[in-house]
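Here is the structure we will look at.
Within every chain, numbering begins at 1; the chains are lettered A, B, ... in the order of the sequence lines, protein sequences first and strands thereafter. Computed from a predicted model, the values in this text were never measured in an experiment. As a basis for the values below, the full set of heavy atoms in this structure was taken, side chains included, without hydrogen atoms, waters or symmetry mates.
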Number of protein chains: 2
Amino acid sequence: MSTEATQPTASKAAAAAPNAKQSKKSKKQESQFLLKTPKGTKDWADKDMVLREEIFGTLSSLFKKHGGVTIDTPVFELREILTGKYGEDSKLIYNLEDQGGELTSLRYDLTVPFARFVACNSISAIKRYHIAKVYRRDQPAMTKGRMREFYQCDFDMAGNYDVMVPDSEILVILCEGLTSLGVSDFKVKLNHRKILDGIFQACGVKDEDVRKISSAVDKLDKSPWEAVKKEMTVEKGQTEEVADKIGEFVKVSGSIRETLKFLTSSELLKTNESAQKGIEEMAVLADYAEAFGISNFLSFDLSLARGLDYYTGLIYEAVTAASAPPKNADELKAKAKKDSEEDASEYVGVGSIAAGGRYDNLVGMFSNGKSIPCVGISFGVERIFSIIKARAAKEWESLSASQTDVYVMAFGGGPDWTGFLPQRMTVAKQLWQAGISAEYVYKAKANPRKQFDAAEKSGAKLAVILGKEEYPEGKLRVKKLGQGDDSNEGELVEAKDIVSVVQEQLAAYNGGDADVLTRLVKNL
Amino acid sequence: MSTEATQPTASKAAAAAPNAKQSKKSKKQESQFLLKTPKGTKDWADKDMVLREEIFGTLSSLFKKHGGVTIDTPVFELREILTGKYGEDSKLIYNLEDQGGELTSLRYDLTVPFARFVACNSISAIKRYHIAKVYRRDQPAMTKGRMREFYQCDFDMAGNYDVMVPDSEILVILCEGLTSLGVSDFKVKLNHRKILDGIFQACGVKDEDVRKISSAVDKLDKSPWEAVKKEMTVEKGQTEEVADKIGEFVKVSGSIRETLKFLTSSELLKTNESAQKGIEEMAVLADYAEAFGISNFLSFDLSLARGLDYYTGLIYEAVTAASAPPKNADELKAKAKKDSEEDASEYVGVGSIAAGGRYDNLVGMFSNGKSIPCVGISFGVERIFSIIKARAAKEWESLSASQTDVYVMAFGGGPDWTGFLPQRMTVAKQLWQAGISAEYVYKAKANPRKQFDAAEKSGAKLAVILGKEEYPEGKLRVKKLGQGDDSNEGELVEAKDIVSVVQEQLAAYNGGDADVLTRLVKNL
């Protein structure tokens, strides 16, 4: 591998960037490529792809286990479909150029396209999952994993069902999903929009201020109460008294039943219809969580607010110790002016690795008000990816990107040595036909060292060797690789039996060789 | 399901379209959505997704079997990366709006991003596959499967290897790929750019005219010789004599060895260096094709030219009877003015279901001329999808989009009947934990008929039933579904054994139940 070819170009162009106008005019500059992906995007390759596919595969299987089906919507939507769905974050939407015809924009999330799909096809009930990329013209922060192109992994249930029944199953899926990915040190924070709205009303917040006070409360996971209170009073015009009343509520968290006990004993909420409705629903959820045996993961936390406007009922967010942000004054200061950007990354708030909630009115926005209630969960797959990769650093080293089982080689020499290339091809073909992955060096003649090096690089477990004298006598040599014992000459077998011999040896090998994700997460 | 909600909106907007200006101004119109996907795009859902995932999975496994690794590049690239790669088809590239920052465009194919990736990372050798969507602002023809957003499925090998070694393996992959998808009535047409160029030179075509004459010859699969000859002479300025000489060559096809025999006996080509080099390489390929046992699929067809400029060696295209276009005068006439558009759909020409070739200079365009030779194949997965779906129409009916195995139900009644919802949840959770897919009706109480209907819709194979009297005694009923025998009461089992009983019954069931693709393609 050499890097001379590309690096000079890239760095030259980068150096010229401050004087963009001049560099644009320069003939020399024009003939060279700035060899990179667009800002905020990246190539995925190598072992990263293997792990990513394992994560997607694990979650897809989980969704199917719960009766989920998958859909695939276009990467761009008619612009008006996205308009008015994301509040001030609409400025982050990527537009396609007007080249004649319709105005379109890249999707910003998978939820709005899902709602459009449900309305478009007049679907009354569906459990769908969708794993795909979404696009946000945000300020990228690669090190923190905030990209302009990134994956979302969503499971949503649309349909008219009894209260909290699909919601509780979504929580099961959340817990099963994280556990199956080896992340078991997580907590799911729950809250209910009706309760939260009720609290704000009861504490004296005007209806039109509820959403902005809600968004202030949402910052309690990364800011201390004093900062949030200041935002409510100084920036958002609430009185000291109102803020303090709110403070009494949003400090409360515990098991569903504990927080319910606090809420039902509150004099302030007794006459608030919205809060009472939410309390009723949370009591139902407590029963279902127990039936599912997931109560130990759940924390009913009155400070959880979630950024998006469209939630109407239960909301939740899973956090792990690894993903929780430090409540550190310096960091907070540095982050302060970025706060509005942080809010934009709706799919996982800082510290959260999965989040979602109930949104009963979104589909109605596309179908003349005919609502289809929905509830969903979005896994922060890129963040989960980083956690697994970081925790499994040691196992990661031993991982190979390719999944080659057998390397077919030829050993020989002398002036009459042909290299057995067509013969290697024939043997490889036999293996392929039996479903066995096999490679060989693409040279007519190759020396043993080069063939072993290539085999090692491919991660192959076995070598099948065509010896100059042995092969014409109908024999092949099968040798285990990666045993650190090159002197071991392997086993001589009949060429006609090669497929069954290889299958047998691979079966023995694979017995001790769990799949990639299992290997990576076993020690998490 | 109801359609009232959306249809009126869509049809009203469509009716208003001829008078677009007025409708734009209309307040009423503005508040309504034109509920559809952008022109030339579609939603994928339901059973289509199941089949599509099977196809992608089958091809991914095949690529891995040959040592392939996958990559994922951004959906948009810096615009200058795409500039100058697609000739006159560049007008079909989708640009993103200039919202400040870099100018970017949606990818037009997967080959240029691959070459950019190889150059960017200074990779000297890789076998990569990539299954992803590409974008072309073409005139969509949905019925013919020409979309503006569509999938490509590419496998490419980059690296310096001995002549025709990776090329021949690509042909194996092509044959194995189509066969494994149940398409076995195909033929792979081969040709070599060096031979084709040599023929044109030897027949008297000037160097600067070679590419446009090549593109005329490329139409021979859908136009008669007379039409192509006319294009060469009338439109493209060749003499009658030159065209007739070319005609003698491009009529020739047969096995590799047959066509080689014709070529080596040609006096005209004897002194043409380019042709002789190509002939030499094709002779090597003949040997390798025999070693791989794929010769019977191959046809060395001197009329194959392929549209793209960047090919430098072997080119190929697989056609099936089903995908071949009728050489019908009326159809040809209707198609005539669309011809330039047809050429644009490079990834599969009309009639072809997979195609590719060697392109040794593309990576060099990104790395100051440091070339990495490449050879690749692109499967026309959307066309293959249509063929399988059309041929397997009968099996298709019996397919279910969801993969639910078990439906958990509760039977009971009377004033004290609770509906056993939390109990159904607990049973479902046990099944999920054992990896079994299970659903239940999301209602506190549901009557048996509704539960059976939901089970049938889900495609579940077994019902696990909580009886009002039986369940409190620690018993569950397990009943096979889809047997057309509702009176069969199933088997009463101990509740504590439910997981093992279900696993046993599903294993027996699955024994006779091959995977989706196998079922669909078994009769193709």
Side-chain angles (χ1 to χ4, degrees), chain A residues 1-3 5-6 33 35 37-39 41 43-45 49 64-65 67 69-76 78 80 94-97 99 101-102 104 117 119-120 122 124 137 149 161-162 165-166 287-288 291-292 366-368 370 401-404 422 425-426 429 432 437 439 442-444 458, chain B residues 1-3 5-6 33 35 37-39 41 43-45 49 64-65 67 69-76 78 80 94-97 99 101-102 104 117 119-120 122 124 137 149 161-162 165-166 287-288 291-292 366-368 370 401-404 422 425-426 429 432 437 439 442-444 458:
Chain A
M1 299 248 253
S2 99
T3 56
T6 64
F33 284 96
L35 209 60
T37 60
K39 186 176 176 185
T41 70
D43 293 322
W44 285 82
M49 275 304 278
K64 284 179 190 161
K65 208 166 72 179
V69 296
T70 189
I71 69 167
D72 175 25
T73 62
V75 80
F76 48 83
L78 293 180
E80 58 184 346
Y94 273 99
N95 293 329
L96 271 80
E97 198 174 286
Q99 292 169 287
E102 303 157 337
T104 56
F117 170 83
C120 226
S122 303
S124 58
R137 291 187 65 261
E149 174 183 64
Y161 302 118
D162 280 0
V165 185
D287 287 345
Y288 296 162
F292 281 131
F366 295 110
S367 53
N368 291 340
K370 184 178 179 295
S402 67
Q403 292 175 27
T404 304
M425 288 173 166
T426 304
K429 182 74 196 304
W432 293 332
S437 59
E439 291 185 89
Y442 294 157
K443 299 268 177 197
S458 79
Chain B
M1 300 246 253
S2 99
T3 55
T6 66
F33 285 96
L35 209 60
T37 61
K39 187 176 176 185
T41 70
D43 293 322
W44 285 82
M49 276 303 279
K64 285 180 189 161
K65 208 167 71 181
V69 297
T70 190
I71 69 166
D72 175 25
T73 62
V75 81
F76 48 83
L78 293 180
E80 57 184 346
Y94 273 99
N95 293 328
L96 271 81
E97 197 174 284
Q99 293 170 286
E102 303 157 339
T104 56
F117 170 83
C120 227
S122 303
S124 58
R137 290 186 65 258
E149 175 183 63
Y161 302 118
D162 280 359
V165 185
D287 288 345
Y288 297 162
F292 280 132
F366 296 110
S367 53
N368 291 341
K370 185 179 178 294
S402 67
Q403 292 174 29
T404 303
M425 289 173 166
T426 304
K429 182 76 195 306
W432 293 331
S437 59
E439 293 185 88
Y442 294 157
K443 298 271 177 196
S458 78

Note to self: Quick check on the interface: out of A:S402, A:G67, A:P422, who has the most heavy-atom pairs with chain B under 4.5 Å?
What the structure shows: A:G67

Item checked: Among the listed options A:Q99, A:K64, A:R137, the residue most often paired with chain B at heavy-atom distances under 4.5 Å -> A:Q99

Next item on the list: Taking salt bridge (Lys or Arg N to Asp or Glu O under 4.0 Å) as the test, write out the residues that go with B:D162, two or more places apart.
Entry: none

Checklist line | Flag side-chain contact, heavy atom, 4.5 Å: B:V165 against A:M425 | finding: yes

Looking at chain A, which one of [options] has the largest number of heavy-atom pairs inside 4.5 Å, strictly under?
{"options": "B:F292, B:W44, B:Y161, B:Y442", "answer": "B:Y442"}
{"options": "B:T104, B:N95, B:L78", "answer": "B:N95"}
{"options": "B:E97, B:K443, B:K429", "answer": "B:E97"}

Next item on the list: Check whether any side-chain N or O of B:T73 sits under 3.5 Å from a backbone N or O of A:D43 as a donor-acceptor pair, and report yes or no.
Entry: no

Checklist line | Taking every non-hydrogen atom, the tightest pair across A:T404 and A:E439 | finding: OG1-OE2, 2.7 Å

Margin query: Looking at every non-hydrogen atom in both residues, tell me the closest pair between A:T41 and A:T37 and how far apart they are.
Written below: O-OG1, 2.9 Å

What part of [X] is in contact with chain B, defined as an atom under 4.5 angstrom from a non-hydrogen atom: side chain, backbone, both or neither?
{"X": "A:E102", "answer": "side chain"}
{"X": "A:M49", "answer": "side chain"}
{"X": "A:D287", "answer": "neither"}

Checklist line | Those residues that, when tested against B:Q403, pass side chain to side chain donor-acceptor pair (under 3.5 Å) (two or more places apart) | finding: none

